Amino acid sequence: MSGQDRLLAGIELGGTKAIALMARGRDVLASARVPTTTPNETLRAIGDRIEAWQREHGRADALGIASFGPLGLDRSRPDYGHITSTPKPGWRQADLVRHFGDRFGLPIGFDTDVAGAALAEHRWGTARGCDVAIYMTVGTGVGGGVVVDGRPVHGLVHPELGHLRVRRATGDDFAGVCPFHGDCLEGLVSGPAIGARTGIDGASIEDDHPVWDRVTAELAEAMAMLLLTVSPRRIVIGGGVLQQRAPLFGPLRKRTAALLGGYIAGLDEDALAAMIVPPELGAMAGPLGAIALAQDACQDRSAAATATSPNTCI
């Protein structure tokens with residue numbers, strides 16, 4: 001059975017809500033939104049949805065979990081499958097992989113929500129064909145996933161692009177809102193940071209408010225840094241802040257080009273218009289990221305088991 005024909009379950013676990021879905025390939029058969037409350041309540045509700053869908057559609061071949069983090073992704077460490085040092089009350093050391101592995105006994109793909117979104121945009125969206133691509137979300141928090149040759153990048157941990165430190169504008173003394181670092185990128189340009197800077201709910205801020213000049217300047221610092229270090233062919237920016245402010249992409253690209261200063265040949269403002277882009281999959285990038293992780297988990301299990309168990313995930 002091809003990856004496009006397999007029945008797959010996915011979970012995009014966010015800080016305020018989770019989306020569970022069942023899909024065949026990328027075609028979504030059912031989906032549901034569950035509030036993120038306590039681990040026991042939230043994970044049980046998600047599992048009940050998946051169990052009900054399996055009674056209707058059949059047993060899933062694999063499950064993908066794309067979760068808020070930080071996460072334990074190193075299989076050699078005891079915290080693999082856990083949410084680790086999150087500030088979200090009650091969720092530190094929540095063992096997601098064991099919970100759903102014990103309940104369903106399926107191959108599980110596990111990664112950050114932004115790595116999942118990056119994988120989905122690479123597989124089905126605007127980063128198709130890109131050997132190196134980045135997905136960054138700018139919303140309640142700021143995070144980023146990096147995909148190289150079709151696989152999310154892991155190492156010591158996973159990329160934490162939201163906690164990069166960027167050069168501050170002269171005279172800007174805003175302390176930032178990140179509980180760990182204060183004025184890292186997340187502490188400066190996330191939705192809560194913009195609210196704290198202005199005292200205004202983000203959705204109510206006018207397009208000509210000076211805060212957007214600060215936001216685009218600080219995001220441009222991050223864009224230039226990523227282009228020079230990771231060398232992506234596409235940077236996809238999702239999340240509520242820029243999705244609600246599409247006109248910010250123009251100033252962001254212009255500032256990024258100015259920061260690069262012509263160092264990368266041909267990478268001017270016009271070229272960046274095709275490189276720094278919104279997600280083609282829109283709000284479905286995250287949920288479909290969980291499905292992409294499930295696809296990969298099933299394929300990985302198939303490759304490992306072919307010699308001794310040819311019926312696994314085939």
Side-chain angles (χ1 to χ4, degrees), residues 13-17 36 67-71 83-92 112-115 117-118 134-146 153 155-207 209-230 232 235-245 248-249 251-253 255-256 259 276 278-279 286:
L13 181 60
T16 57
K17 70 179 186 304
T36 304
S67 174
F68 72 90
L71 302 179
I83 296 173
T84 57
S85 56
T86 179
K88 185 169 179 61
W91 283 85
R92 187 169 293 204
T112 64
D113 47 2
V114 283
I134 294 173
Y135 180 95
M136 179 175 280
T137 182
V138 183
T140 303
V142 177
V146 182
V153 169
L156 175 65
V157 288
H158 46 80
E160 284 284 8
L161 305 186
H163 294 278
L164 295 173
R165 308 302 284 266
V166 297
R167 290 184 300 179
R168 303 292 303 276
T170 302
D172 184 2
D173 59 359
F174 175 61
V177 301
C178 174
F180 293 97
H181 310 120
D183 64 345
C184 62
L185 189 65
E186 178 171 293
L188 294 173
V189 306
S190 64
I194 294 167
R197 279 182 184 269
T198 62
I200 306 171
D201 175 70
S204 303
I205 301 174
E206 298 293 334
D207 289 344
H209 194 286
V211 73
W212 300 120
D213 188 63
R214 293 286 172 88
V215 167
T216 55
E218 284 150 355
L219 277 173
E221 291 279 351
M223 296 298 101
M225 189 185 307
L226 292 170
L227 286 162
L228 291 167
T229 55
V230 183
I235 301 176
V236 184
I237 307 179
V241 170
L242 263 70
Q243 282 183 278
Q244 295 170 6
R245 306 279 175 177
L248 293 182
F249 276 92
L252 174 59
R253 295 167 184 138
R255 285 180 179 271
T256 302
L259 288 169
I276 301 174

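Values in this document were obtained by computation on a predicted structure and should not be read as measured data. Throughout, residue positions are numbered sequentially from 1 according to the sequence presented.
The shortest non-hydrogen separation linking I276 to F249 is O-CD2, 3.8 Å. The minimum heavy-atom distance between A222 and L185, with the atom names listed, is CB-CD2, 3.8 Å. In terms of heavy atoms, H158 sits closest to P70 at NE2-CA, 3.6 Å. Closest non-hydrogen pair, M136 versus L226, comes out as CE-CD1, 3.9 Å. A pairwise comparison of heavy atoms in D207 and W212 identifies O-CD1, 3.4 Å as the closest pair. The shortest heavy-atom contact between A193 and V189 is CB-N, 3.9 Å.
Summarising the geometry, atom CG belonging to L13 is positioned 9.0 Å from atom CG belonging to L71; distances are rounded to the nearest 0.5 Å. One finds the CG atom of D183 at 8.5 Å from the CD atom of E218 (value rounded to the nearest 0.5 Å). Here the OG1 atom belonging to T140 is positioned 9.5 Å from the CD atom belonging to E186, to the nearest 0.5 angstrom. Of the inter-residue distances, the one linking T229 atom OG1 with L164 atom CG reads 8.0 Å to the nearest 0.5 angstrom.
Formation of a donor-acceptor pair under 3.5 Å by the R167 side chain with backbone atoms of E221 is not found in this model. Between the side chain of S190 and the backbone N or O of V142, no donor-acceptor pair lies under 3.5 Å.
Using a 4.5 Å heavy-atom threshold, the side chains of L219 and L248 count as separate. Side-chain contact between P232 and L227: present, with at least one pair of heavy atoms (C-beta onward) separated by less than 4.5 Å. Under the 4.5 Å side-chain criterion, counting only non-hydrogen atoms from C-beta, D213 is in contact with R255. In this structure the side chain of I200 never reaches within 4.5 angstrom of the side chain of V211, judged on heavy atoms. For the pair I205/R245, a side-chain contact is recorded, criterion being any heavy-atom separation below 4.5 Å from C-beta on.
E160 meets the salt bridge (Lys or Arg N to Asp or Glu O under 4.0 Å) test with no other residue; sequence neighbours excluded. For the side chain to side chain contact (heavy atoms under 4.5 Å, CB included) test, residues two or more places apart in sequence or in another chain that qualify with V236 are E121, T126, Y135, R234, V277, P279. Residues forming a salt bridge (Lys or Arg N to Asp or Glu O under 4.0 Å) with D172 (at least two apart in sequence, or on another chain): R168, R197, R214.
The residue from I83, T16, T112 that alone fulfils the side-chain contact (heavy atoms from CB on, under 4.5 Å) condition with F68 is I83.
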Test side chain to side chain contact (heavy atoms under 4.5 Å, CB included) on V215 and V138; report intermediate values, then the result. CA-CA 11 Å; V215 167; V138 183; 5.9 Å; no

